[in-house]
Peer 1: 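Please see the structure below; I have some questions.
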Amino acid sequence: MQSVGRIIGQQGRRGRKRILRGGLTLAAASLALAACGSSSTSSTSSSSSSSKGPIVVGTSLSLTGDFASNGIAFQRGYNAWVSYVNAHGGLLGHKVSLKILNDTSSPSQVATNYQDLITTDHVPLIVGPFSSLLTVPAAKIASRYGYAMVEGAGGAPSVFSYGLKNVFDVSYPIKIAVVPTAKWIASLPKSKRPTTAAYVTSNNIFAQPQIAPAQAVLQKAGVRTVYNQVFQSETTDFTPLADAIVASHAQVVVLSSTSVSKIIDFVKVFTANHFYPKVLIGTNGVGEPTFVNAVGKSAANGIIEPNGWYPGYKNALSAAFIKEYLKLYGGSAGSITASSAEAFGTGEVLAQAVQATHSFNQAKILKYLHSGAVFQTDQGPVKFNSKGENVDGIVQTFQWQNGGTKLVQILPKSSQSVAPLFPRPAAG
């Protein structure tokens, strides 16, 4: 399938989710606002946008290296957005083209890439890379040149600790990811509520911040911590850690990692030892078919994942995203990852800012992004605080049910959610 994006490979080293309110009417109205072009004359940050020629949006993505799977998913999401926005008139009457540089998952290469996009290619607009690790150096370069960086996968607290005023994450703050599940556990009657919990996380800036807020909620509810361990990202043998969790007999287990393969390793050890905690949470990739294929449907049954999007989300922009994605790449809606949805939502926020300001001028776009405006995306409403975090971002929590054959939304409770499967049953 021909890609809408233009991919430029480079040499070097290289290096997630949302709300059930807002309604279809509001989202449909946003659909028209974000997509439709305008014939008005605009102030721009590049001479290339002074005519009705294409507007180039630049980005750096991890097309190779450790983050390649998610980087390619982001590429597809951005491509779907470009295809969608062009089918609805482009931006201010300009067609949109996408220039992608490969950062090979490397923090140094991502910085070089954005430097080149801004100073050599003179792109009038940029969007962010994949991962919090790469967002920080990328946003620093963009800030140096006064560029707004809207992104969808840089939600770690560290991203917002540098005082940067140009980075805006359309996904929910990652530190709240497991909190809704922890609050649901805490709300259970004392006679049914689990009493012990185990936590294990990689030392990654995305994975580790998800643990403490959820742990605080559970400890306040009387759920005692019996195991808490941080492992190095380069760890390859997880058997000792998994065995220690099994030995703890924890009734709640939280596994946090940016790599679904590592969560898979833990679940395999648990299953081999016939260890089935009442609640098992994996923070990344658990909701994808690759996870179920790796651990088996029976073992996946009852496992929970917080996320910002899934194909069954009832949202007009989500439906538009799925349609555009399938037009480009085929397959089924169930095969689309949340990473692609995050990328599409990133483009939507940028488009709405351009349309609202009638401009490609970075200062105007930055001011509007900081104005408290509410944006509509395939993940739900987005509103940025002074740091650039999405304060309207609400976690959607999913669980494998029906013997591990169906991923369903369990939180927040709504007309499209189902009751959590509790306790998690043993594998058949």
Side-chain angles (χ1 to χ4, degrees), residues 1 3-5 7 16-19 22 24 26-28 30-36 55 57-62 69-91 95-100 125-131 135 149-155 168-172 287-288 307-355 375-382 390 392-393 396:
M1 170 93 32
S3 170
V4 176
I7 305 171
R16 90 184 187 322
K17 292 177 165 182
R18 151 139 330 226
I19 186 170
L24 295 181
L26 183 58
S30 166
L31 207 105
L33 171 65
C36 293
I55 284 294
V57 179
T59 190
S60 175
L61 291 176
S62 302
S69 173
N70 287 298
I72 291 169
F74 252 67
Q75 174 198 349
R76 290 185 168 198
Y78 281 148
N79 284 344
W81 169 67
V82 170
S83 179
Y84 173 75
V85 77
N86 282 339
H88 291 79
L91 292 178
K95 289 291 184 181
V96 177
S97 65
L98 189 64
K99 183 165 188 177
I100 304 176
L125 301 169
I126 58 171
V127 285
F130 173 82
S131 89
T135 296
M149 176 169 281
V150 184
E151 48 89 2
F168 305 89
D169 181 27
V170 307
S171 300
Y172 63 76
E288 297 177 11
N307 212 316
W309 179 89
Y310 81 121
Y313 181 32
K314 306 301 182 183
N315 171 295
L317 278 170
S318 179
F321 158 62
I322 292 171
K323 180 179 179 181
E324 212 63 44
Y325 184 101
L326 296 180
K327 184 174 72 176
L328 291 175
Y329 300 106
S332 65
S335 68
I336 305 174
T337 71
S339 291
S340 293
E342 290 166 354
F344 187 91
T346 297
E348 279 304 297
V349 169
L350 179 62
Q352 290 168 48
V354 167
Q355 299 292 356
F375 303 85
Q376 299 301 323
T377 76
D378 54 343
Q379 297 184 108
V382 172
N390 178 12
D392 274 6
Q396 297 186 56

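A quick note: this is a predicted structure, and the numbers were derived from the prediction, not measured.
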Peer 1: Grab the two heavy atoms, one from S339 and one from F130, that are nearest each other, plus how far apart they are.
Peer 2: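 Shortest heavy-atom separation between S339 and F130 comes out as OG-CE1, 4.0 Å.
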
Peer 1: Could you give the distance from CG (L61) to CG (N70), rounded to the nearest 0.5 Å?
Peer 2: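 Rounded to the nearest 0.5 Å, the CG-CG separation comes out at 10.5 Å.
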
Peer 1: Where do V57 and V82 land on the side chain to side chain contact (heavy atoms under 4.5 Å, CB included) test, with the steps shown first?
Peer 2: CA-CA 9 Å; V57 179; V82 170; over 6 Å; no

Peer 1: Looking at residues at least two apart in the chain, or sitting in another chain, which of them share a salt bridge (charged side-chain N to carboxylate O under 4.0 Å, His left out) with E324?
Peer 2: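 Salt bridge (charged side-chain N to carboxylate O under 4.0 Å, His left out) check on E324 returns K327.
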
Peer 1: Within the structure provided, determine whether V85 and L91 are in side-chain contact (heavy-atom separation under 4.5 Å).
Peer 2: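 They are in side-chain contact.
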
Peer 1: Evaluate the ring planes of Y78 and F74, with Trp represented by its six-membered ring, and classify them as parallel (under 30°), tilted (30 to 60°) or perpendicular (over 60°).
Peer 2: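 Taking F74 first and then Y78, their aromatic rings stand perpendicular (interplane angle over 60°).
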
Peer 1: I need the minimum non-hydrogen distance between G128 and M149, along with the two atoms involved.
Peer 2: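 For G128 versus M149, the nearest heavy atoms are CA-CG, 4.0 Å.
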
Peer 1: Side chain to side chain contact (heavy atoms under 4.5 Å, CB included) between N390 and D169: does it pass, once the steps are laid out?
Peer 2: CA-CA 6 Å; N390 178 12; D169 181 27; 5.8 Å; no

Peer 1: Any side-chain heavy atom of V150 sitting closer than 4.5 Å to one from I126?
Peer 2: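 No - every pair of side-chain heavy atoms lies 4.5 Å or more apart.
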
Peer 1: Which atoms form the tightest heavy-atom contact between G152 and S171, and what is the distance?
Peer 2: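 Heavy-atom minimum between the residues: O-OG, 2.8 Å.
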
Peer 1: Distance-only, no hydrogens or angles: does the K95 side chain make a donor-acceptor pair with backbone N or O of N86 under 3.5 Å?
Peer 2: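 Yes.
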
Peer 1: With a 4.5 Å heavy-atom cut-off, do V382 and D392 have their side chains touching?
Peer 2: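 Counting from C-beta outward, V382 and D392 never come under 4.5 Å.
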
Peer 1: Is the gap between the ring centers of F344 and Y84 under 6.0 Å?
Peer 2: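 Judged by ring-centre distance (under 6.0 Å), F344 and Y84 do meet the cut-off.
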
Peer 1: Under the criterion side chain to side chain donor-acceptor pair (under 3.5 Å), I'd like the reasoning laid out for R76 against Y329: C-alpha separation, chi angles, the key distance, then a yes or no.
Peer 2: CA-CA 8 Å; R76 290 185 168 198; Y329 300 106; 4.9 Å; no

Peer 1: Taking only residues two or more places apart in sequence or in another chain, which ones pass side chain to side chain donor-acceptor pair (under 3.5 Å) with S318?
Peer 2: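 Listed in chain order: W309.
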
Peer 1: Among residues at least two apart in sequence or on other chains, which ones pass side chain to side chain contact (heavy atoms under 4.5 Å, CB included) with A353?
Peer 2: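 With neighbours one apart ignored, the set is I365, Y368, L369, F375.
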
Peer 1: Can you check whether Q396 reaches N307 side chain to side chain, under 4.5 Å on heavy atoms?
Peer 2: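 No, too far: nothing below the 4.5 Å cut-off.
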
Peer 1: For a side chain to side chain contact (heavy atoms under 4.5 Å, CB included) check, start with the C-alpha distance between E288 and T337, then their side-chain angles and the critical distance, and finish with the verdict.
Peer 2: CA-CA 7 Å; E288 297 177 11; T337 71; 3.9 Å; yes

Peer 1: Less than 4.5 Å apart, side chain to side chain, heavy atoms only: is that true for T377 and F321?
Peer 2: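 T377 does not reach F321 side chain to side chain.
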
Peer 1: If every non-hydrogen atom of I336 is compared with every non-hydrogen atom of L326, which pair is closest and at what distance?
Peer 2: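 Shortest heavy-atom separation between I336 and L326 comes out as CD1-CD2, 4.2 Å.
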
Peer 1: List for me each residue that meets side chain to side chain donor-acceptor pair (under 3.5 Å) alongside S60, sequence neighbours excluded, and say none if there are none.
Peer 2: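 Here the qualifying residues are D103, N113.
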
Peer 1: Residues two or more places apart in sequence or in another chain: which of them pass side chain to side chain contact (heavy atoms under 4.5 Å, CB included) with A333?
Peer 2: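 A333 satisfies side chain to side chain contact (heavy atoms under 4.5 Å, CB included) with P311, I322 only.
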
Peer 1: Quick one, P129 and T135 - any side-chain contact, counting heavy atoms below 4.5 Å?
Peer 2: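 Yes, at least one pair of side-chain atoms sits under 4.5 Å.
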
Peer 1: Could you please spell out the steps behind the side chain to side chain contact (heavy atoms under 4.5 Å, CB included) verdict for L328 and S83?
Peer 2: CA-CA 9 Å; L328 291 175; S83 179; 4.2 Å; yes

Peer 1: What are the two closest non-hydrogen atoms of S340 and A73, and how far apart are they?
Peer 2: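 So the two residues come closest at OG-O, 2.6 Å.
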
Peer 1: In the structure I gave you, are the side-chain heavy atoms of Q376 and L317 within less than 4.5 Å of one another anywhere?
Peer 2: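 The answer is yes, as the side chains (C-beta and beyond) meet within the 4.5 Å cut-off.
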
Peer 1: Could you check whether any side-chain heavy atom of V127 comes within less than 4.5 Å of a side-chain heavy atom of E151, counting everything from C-beta outward?
Peer 2: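 Of all side-chain heavy-atom pairs linking E151 with V127, none is under 4.5 Å.
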
